[in-house]
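Letters A, B, ... mirror the listed sequences (proteins, then strands); counts begin at 1.
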Protein chains: 2
Amino acid sequence: MDRLPTIEDVARAAQVSRQTVSNVLNTPAIVKPETRKRVEVAIRKLAYRPHASARRLRMRKSSTIAIRLDPMTNGISGALLDRFLHALTEQADARGIRILLFTAADPAAEIEQIRKLRAGADVDAFVLTATFHGDPRTEWLVENDVPFVTFGRPWGANDMNNPKHLWVDVDGFAGMREAAIHLIDQGSSRVGFVGWPSLSGTGDDRRRGWQAAVEERLSTSDDDLAALNLSVEDRLEDARDAVVALLESDERIDGLVCASDTLALGAMIAAASVGRSDLPIIGFDNSPVGQAIGLSSVDQTLDEVARGALELLLGETGGDLVHRDAAAGDTRHRLITPHLVIRQPLRLLAPDAASTPTATKSAVGNHKNGKETQ
Amino acid sequence: MDRLPTIEDVARAAQVSRQTVSNVLNTPAIVKPETRKRVEVAIRKLAYRPHASARRLRMRKSSTIAIRLDPMTNGISGALLDRFLHALTEQADARGIRILLFTAADPAAEIEQIRKLRAGADVDAFVLTATFHGDPRTEWLVENDVPFVTFGRPWGANDMNNPKHLWVDVDGFAGMREAAIHLIDQGSSRVGFVGWPSLSGTGDDRRRGWQAAVEERLSTSDDDLAALNLSVEDRLEDARDAVVALLESDERIDGLVCASDTLALGAMIAAASVGRSDLPIIGFDNSPVGQAIGLSSVDQTLDEVARGALELLLGETGGDLVHRDAAAGDTRHRLITPHLVIRQPLRLLAPDAASTPTATKSAVGNHKNGKETQ
DNA sequence: ACTCAGGATTTGAACGATCAAACTTTTGAA
DNA sequence: TTCAAAAGTTTGATCGTTCAAATCCTGAGT
């Protein structure tokens, strides 16, 4: 056989008509069991699969969701989108939906891309990431009636409980609060926070989580609260420098929670460099680097985020687009609770008793090394 | 207008026939300029774009390439696939090709997925990553005549210059050699190598690069060469422990090149912990973490890899699949030369003179800190 | 035996584009 | 002026599927 088998080939092989084969595939219930079996055998024998483009043309839907792969390799947590993408692809696959990628340098270019993909009937719906305050994309999409869901809640004007669009987000408040409470439960009595300047809604949300935990469990004065609250850009050096300063100005600090793993790593370096490598630190994002270095972190459970996104777009089970108005009231968004991952930190400065290194042949050999480089 | 405009709508608006509109889009040359202009206006006015599925059905090709998004978040260099994906998507977009994602837990599952995508005529060709010795996927693909290209050369049996399939790869030898030579040029006279156990062809390739540089430029004895050559698994701790041992056993080492940024980071930590935080170290992959921490590294220039992959599959310019046999002799693969990125390393242990930290309001304030924590 | 409802199956049309061939107009040379 | 070739445009068929309507079959009720 030169070309791929068509529904007609199957029909011929099973001695039935096109439509019966189609029915076996789409509405098996209405086909007589006997006939159905015969068709199924033919399908298997020919290794037939319906031609996706033909089906899409007829059905007037593409069963495809597009997502922008943005160039932001924003430092350490960059792999976040990567992991989300993976989760999304898996969930989508289970529903018979495909994930298409596109790129765009800026929001305007992204809108243009979306317009093209829509106009070519290439894509049914979109997933937007990294939304921000006053995002032109969401406005445009709403206006042009394009189905979409955002990863990230609308921080701006409209009411979170009745927004203009579907969204999924991670509950940064709950996550950061859990992290802080964990430290307090482990004996910390003075827990600081390293976050971002308060432009980002995400950062503020996480900050409030820390604040809630401290106010709830510790008797930290308002002045102290302000002193324990750092705001720096999401860069290793900035975090390191700020934390060095903080630790030197306040010896009693015995715990830190951070709005990202980047900041947490900076904090670890800072702690080590001022001889506090025992300081418990918790980050956010559960990035690969964090994992490699034994950093405890708040994991975003991207599987659930992805599942939530698809459920909002397509409904609980099927692969069909839910009409916007049908997705009623409180089901129009999902707030996912992240969970804390506790790890044994890798001491940056004091490699104690190298735990069975796997150096082989040409390695010089392993030996104990208990030297405290403090 | 309820539905999207079709070619017929445009034809009506421009007072021509379907086919003429089609010609304006696909073979503008054969349309009389006057008519063409009229059609183009109509196209713009209606914001018409050809229906992708209809076109694909008729043309019997999907203009889509699929790639597996695998779950490997392998530590620090994990973002590599992410970056490759981005480059690939951009290059593909320029050719009017779309990138589709899929997942699979293991090679067998991946083959099954590929089979499905092919049978559904969803995808024209595949890009395979993380190929390994005796990979069942490449065998299957070759046997079943599925067009594909691998990122990673075939290390196994068949001749590299006449392999059974198309491939693109990064020249690890050249990259590692350049790195080592750079260190030597900067004054290093005893340069070690941290790599992986010699199962991986990639690792050996990089090792040979270091070896070539050292033999070429330095008079290191064979015994020394063996002693300077570490092999550990791609884990931070393992690298750290092995490098600590190495540095303690040989004081004269004044440079290290590593087969990955993960290993390099481990080496940096090791160097710092034995008071050698000045030791120049170069990694491989140019990962985001490396960037964040100021690690010099060999960058894989994934743009070129992506371009190469597409050129092999689709030819220099167009979007059409090149017939396998047409891609003659030496154009059946690409070996991309990576380039070295030199950075000012962030001292892990001695944050000297915090360079204008951007801590704001609630930060305690910045101050000089020259303490050497040796 | 005859009708009718209902289920099971088949047939013709449509989705929106391109290809191949037919048709119409223009061009240029005799 | 005439005609053939070239250029420009249109028409009918097709890609592989599903929808809508038509047809065929089966068995129950009169």
Query raised in the report: Salt bridge check: are Asp122(B) and Arg56(A) linked by an N-O gap of less than 4.0 Å?
Result: yes
**Report entry** Shortest non-hydrogen contact between Gly120(A) and Arg49(B), atoms and distance
**Finding:** N-CB, 4.2 Å
Query raised in the report: To the nearest angstrom, how far is Gln15(B) atom CD from dT9(D) atom C1'?
Result: 14 Å
Report task. Supply the atom-to-atom distance Arg334(B) CZ to Leu310(B) CG, rounded to the nearest 0.5 angstrom. Result -> 10.5 Å
Query - Interatomic distance, Leu57(A) CG vs dC19(D) P [rounded to whole Å] - result: 12 Å
Query raised in the report: For the atom pair OG1 (Thr131(B)) and CG (Asp169(B)), what is the distance rounded to the nearest 0.5 Å?
Result: 7.5 Å
**Report entry** Distance in Å, Leu141(B) CG paired with Arg137(B) CZ, rounded so as to fall on 0.5 Å steps
**Finding:** 8.5 Å
Query raised in the report: Rounding to a whole Å, what distance do you find between Gln19(A):CD and dC24(D):C1'?
Result: 15 Å
Requested in this report: Kindly say whether, by distance alone, the side chain of Arg55(A) makes a donor-acceptor pair under 3.5 Å with the base of dT18(D)?
Outcome: no
Query - Criterion salt bridge (charged side-chain N to carboxylate O under 4.0 Å, His left out) on Asp9(B) and Lys45(B), from CA distance to verdict - result: CA-CA 11 Å; Asp9(B) 297 321; Lys45(B) 199 171 79 185; over 6 Å; no
**Report entry** Residues within residues 24-41 of chain A bordering DNA chain D, heavy-atom distance below 4.0 Å
**Finding:** Asn26(A)
Query raised in the report: What are the two closest heavy atoms between Val10(A) and Ile43(A), and how far apart are they?
Result: CG1-CG1, 3.7 Å
Query raised in the report: Can you tell me if Arg153(A) uses its side chain to pair, donor with acceptor, with the backbone of Val170(A) under 3.5 Å?
Result: yes
**Report entry** Rounded interatomic separation in angstrom, taking CZ from Arg3(A) and C1' from dG16(D)
**Finding:** 10 Å
Requested in this report: Compare the minimum distances between each of dT17(D), dT9(D), dC15(D) and the side chain of Thr20(B), then state the nucleotide with the smallest one.
Outcome: dT9(D)
**Report entry** Ring geometry between Phe102(B) and Phe126(B) (parallel below 30°, tilted from 30 to 60°, perpendicular above 60°)
**Finding:** perpendicular
Requested in this report: Compare side-chain N and O positions of Arg18(B) against OP1 and OP2 of dT9(D) and report whether any pair is under 4.0 Å apart.
Outcome: no
Query raised in the report: When the distance from CD1 of Ile7(A) to C1' of dT18(D) is rounded to whole Å, what number comes out?
Result: 8 Å
**Report entry** Leading and trailing nucleotides of DNA chain C with any atom under 4.0 Å from heavy atoms of chain A
**Finding:** dA8(C) to dG16(C)
**Report entry** Backbone N/O of Ser62(B) and side chain of Thr64(B): donor-acceptor pair under 3.5 Å
**Finding:** yes
Requested in this report: State plainly whether the residues Glu112(A) and Arg115(A) are in salt-bridge range, i.e. N to O under 4.0 Å.
Outcome: yes
Query raised in the report: Just how large is the angle between the end axes of the helix from dA1(C)-dT30(D) to dA30(C)-dT1(D), five pairs per end, to 10 degrees?
Result: 60°
Query raised in the report: Within this structure, what is the CG-to-C1' distance between Leu46(A) and dG16(D), rounded to whole angstrom?
Result: 15 Å
**Report entry** Nearest listed nucleotide, side chain of Ser17(B), among dT9(D), dC15(D), dT17(D)
**Finding:** dT9(D)
Query - Euclidean distance, atom NE2 of residue His51(B) to atom C1' of dC15(D) [Å, nearest integer] - result: 14 Å
